[in-house]
Novice: 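The structure's right below; bear with me while I get my questions together.
On a predicted model such as this, the values are computed, not experimentally measured, just so you know. Values below: all heavy atoms of this structure, side chains included; hydrogens, waters and symmetry mates excluded.
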Amino acid sequence: MVKACIFDLDGVIVDTAKYHFIAWRRLANSLGFDFSEEENEKLKGVSRMESLNLILQWGGVEKTEAEKLALTDLKNGWYREYILKMGPEEILEGVVPFLDHLEGLGIRMAVGSSSKNASTILSQIGLTPRFEAVIDGNRITRSKPDPQVFEMGARAMGLPSGECIVFEDAEKGVDAALAGGFLAVGVGSEENLSHAHYVLPNFIGVSLQNILDGIKAKMP
Ligand code: B16
Ligand code: MG
């Protein structure tokens, strides 16, 4: 019996991945190297510092902890310039009708994001009041693929993980949902997310029943 849905933010509700990519690339370029869109996929759902560590590794660049902190601050400043210009028009197509649909069914809703900017983004796009709990990068101590962010979301609603569906665009986010015993729905390409219980390309025209049928059909 599904009682709640927990949404990842970046890549599920809004496409902030493009802003992360621009800002990280600007940082890499300032250090004298570049990285590809393919490599960028590996940064999805990963914390800010872990993302920097991966990027520095790709560029073969070493930095002290203090320098790394300064670099993440620099990147976050650039990233925030983009997100502070966001508005409700950046909500991905199909998301608002799907939230309305869930609300009509009495399904509870929370956000589980690795981003420390999650509350800023939700407020910019006007969706803060739609979620009963928002667990973000400021509240967790372990990053995805650890299930902590989703477990805290379920706990905030007083529900066991088995009664919640997690929606995720990142491979590591789907890993986190599965590790926590949630129903995991990938949002994006089947190619990256085939380990989820079900994969949707996006929320356009989607109903909870479609998802439950899809999960059932994919289960052994
Ligand atoms: P910030 P999600 C994640 O958000 C992003 O996918 C990931 O690319 C980013 O590095 C991470 O948040 C941290 O973001 O620098 O804003 O704290 O997909 O878990 O909502
Ligand atoms: Mg994401």
Novice: Give a yes or no answer on whether the side chain of S161 reaches the backbone of G180 with a donor-acceptor pair at less than 3.5 Å.
Specialist: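 Between the backbone of G180 and the side chain of S161 there is a qualifying donor-acceptor contact (under 3.5 Å).
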Novice: Using residues 54-66 as the side-chain source, report each donor-acceptor pair under 3.5 Å to any protein atom, sequence neighbours left out, with the distance given to one decimal.
Specialist:
unit_1 : atom_1 : unit_2 : atom_2 : d
T64    : OG1    : E67    : N      : 3.1
T64    : OG1    : E67    : OE1    : 3.3
E65    : OE2    : K68    : NZ     : 3.4

Novice: Rounded to the nearest 0.5 Å, what separation is found between the CG atom of L69 and the CE atom of M49?
Specialist: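 So the CG of L69 and the CE of M49 are separated by 4.5 Å.
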Novice: Side chains of E81 and Y19, heavy atoms from C-beta outward: is any pair under 4.5 Å?
Specialist: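 The answer is no, as the side chains (C-beta and beyond) never meet within the 4.5 Å cut-off.
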Novice: Where do K144 and D175 land on the salt bridge (Lys or Arg N to Asp or Glu O under 4.0 Å) test, with the steps shown first?
Specialist: CA-CA 8 Å; K144 298 168 189 175; D175 291 339; over 6 Å; no
Novice: Do V166 and V187 sit in one hydrophobic cluster, given that two such residues count as connected whenever their side-chain heavy atoms are within less than 4.5 Å of each other, even indirectly?
Specialist: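 No; V187 is not reachable from V166 via cluster members.
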Novice: Answer yes or no: is there a side-chain heavy-atom contact under 4.5 Å between T16 and E90?
Specialist: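 Heavy-atom side-chain distance check fails, nothing below 4.5 Å.
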Novice: Could you check if a side-chain atom of I13 sits within less than 4.5 angstrom of a side-chain atom of L92, using non-hydrogen atoms only?
Specialist: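 Counting from C-beta outward, I13 and L92 never come under 4.5 Å.
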Novice: First locate atom CD of E168, then atom CG of L9, and finally report the distance between them rounded to the nearest 0.5 Å.
Specialist: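 Reported value, rounded in 0.5 Å steps: 10.5 Å.
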Novice: side-chain hydrogen bond (donor to acceptor under 3.5 Å, both in side chains) with S115: which residues, sequence neighbours excluded?
Specialist: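 For S115, no residue satisfies side-chain hydrogen bond (donor to acceptor under 3.5 Å, both in side chains) once neighbours in sequence are set aside.
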Novice: Sorted by first residue and then second, give each side-chain hydrogen bond (donor to acceptor under 3.5 Å, both in side chains) pair with at least one member in residues 208-220; sequence neighbours left out.
Specialist: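 Non-adjacent pairs meeting side-chain hydrogen bond (donor to acceptor under 3.5 Å, both in side chains): S207-N210, Q209-D213.
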Novice: Please check if the side chain of E39 supplies one atom and the backbone of S36 the other of a donor-acceptor pair under 3.5 Å.
Specialist: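 Side chain of E39 to backbone of S36: a pair is present.
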Novice: Same cluster or not: are I91 and Y82 linked, directly or through other Ile, Leu, Val, Met, Phe, Trp or Tyr residues, by side-chain heavy atoms under 4.5 angstrom apart?
Specialist: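 I91 and Y82: one cluster.
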Novice: Could you walk me through whether V2 and L212 pass the side chain to side chain contact (heavy atoms under 4.5 Å, CB included) check?
Specialist: CA-CA 9 Å; V2 170; L212 296 175; 3.8 Å; yes
Novice: Between F35 and N29, is the side chain to side chain contact (heavy atoms under 4.5 Å, CB included) condition met? List the steps.
Specialist: CA-CA 9 Å; F35 65 93; N29 292 170; over 6 Å; no
Novice: Report the relative orientation of the aromatic rings in F150 and F182; use parallel for angles under 30°, tilted for 30 to 60°, perpendicular for over 60°.
Specialist: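 Rings of F150 and F182: perpendicular, over 60°.
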Novice: Side chain to side chain contact (heavy atoms under 4.5 Å, CB included) between K172 and K44: does it pass, once the steps are laid out?
Specialist: CA-CA 8 Å; K172 287 200 173 72; K44 291 188 177 170; over 6 Å; no
Novice: Do any N or O atoms from the side chain of S114 and from the backbone of G45 form a donor-acceptor pair under 3.5 angstrom?
Specialist: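 At least one qualifying donor-acceptor pair exists.
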Novice: Sort and list the pairs that fulfil salt bridge (charged side-chain N to carboxylate O under 4.0 Å, His left out) and have at least one residue in residues 147-156, not counting sequence neighbours.
Specialist: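 Salt bridge (charged side-chain N to carboxylate O under 4.0 Å, His left out) check on residues 147-156 returns no pairs.
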Novice: With the side chain counted from C-beta on, respond yes when N192 and S189 share a heavy-atom pair under 4.5 Å apart, and no when they do not.
Specialist: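 With C-beta onward as the side chain, the pair touches.
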Novice: Once rounded to the nearest 0.5 Å, what's the spacing between atom CG of L102 and atom SG of C5?
Specialist: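 Spacing of CG (L102) from SG (C5) equals 4.5 Å.
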Novice: side-chain contact (heavy atoms from CB on, under 4.5 Å) with V134: which of L122, T128, L127?
Specialist: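 The option that passes is L122.
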Novice: Do the side chain of H101 and the main chain of L208 share a donor and acceptor less than 3.5 angstrom apart?
Specialist: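 Here the side-chain-to-backbone pair exists.
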Novice: Got a sec, which pairs hit salt bridge (charged side-chain N to carboxylate O under 4.0 Å, His left out) with one end in residues 114-134, sequence neighbours left out?
Specialist: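 Every salt bridge (charged side-chain N to carboxylate O under 4.0 Å, His left out) pair that includes a residue of residues 114-134, provided the two are not neighbours, is D100-R130, E103-R130, R108-E132.
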Novice: I'd like to check F7 versus F131 (side-chain heavy atoms, cut-off strictly below 4.5 Å). Are they in contact?
Specialist: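 Yes. Closest side-chain heavy atoms under 4.5 Å.
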Novice: Under the 3.5 angstrom rule, does the side chain of Q124 hit a backbone N or O of M86 as a donor-acceptor pair?
Specialist: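 Yes, the answer is positive, given that a donor and an acceptor are paired below the 3.5 Å cut-off.
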Novice: Are H20 and K75 packed together at the side-chain level, in the sense that at least one heavy-atom pair is separated by less than 4.5 angstrom?
Specialist: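 Yes; the side chains approach each other to less than 4.5 Å.
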Novice: Could you tell me whether the side chain of H195 reaches within less than 4.5 Å of the side chain of E171, counting heavy atoms only?
Specialist: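 The answer is yes, as the side chains (C-beta and beyond) meet within the 4.5 Å cut-off.
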Novice: Is D8 close to F167 at the side-chain level, that is, under 4.5 Å between some pair of heavy atoms?
Specialist: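 No. Closest side-chain heavy atoms not under 4.5 Å.
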Novice: Enumerate donor-acceptor pairs with a distance under 3.5 Å from any side-chain N or O in residues 197-206 to protein atoms, sequence neighbours excluded.
Specialist:
unit_1 : atom_1 : unit_2 : atom_2 : d
H197   : ND1    : A184   : N      : 2.9
N202   : OD1    : I204   : N      : 2.9

Novice: For side chain to side chain contact (heavy atoms under 4.5 Å, CB included), just list the numbers for N76 and T72, CA-CA rounded to whole Å, side-chain angles, deciding distance to a tenth of an Å, and then say yes or no.
Specialist: CA-CA 6 Å; N76 194 50; T72 49; over 6 Å; no
Novice: Can you list the steps and then say if Y79 with F21 is a ring-ring contact (aromatic ring centres under 6.0 Å, His included)?
Specialist: CA-CA 9 Å; Y79 176 65; F21 185 42; over 10 Å; no
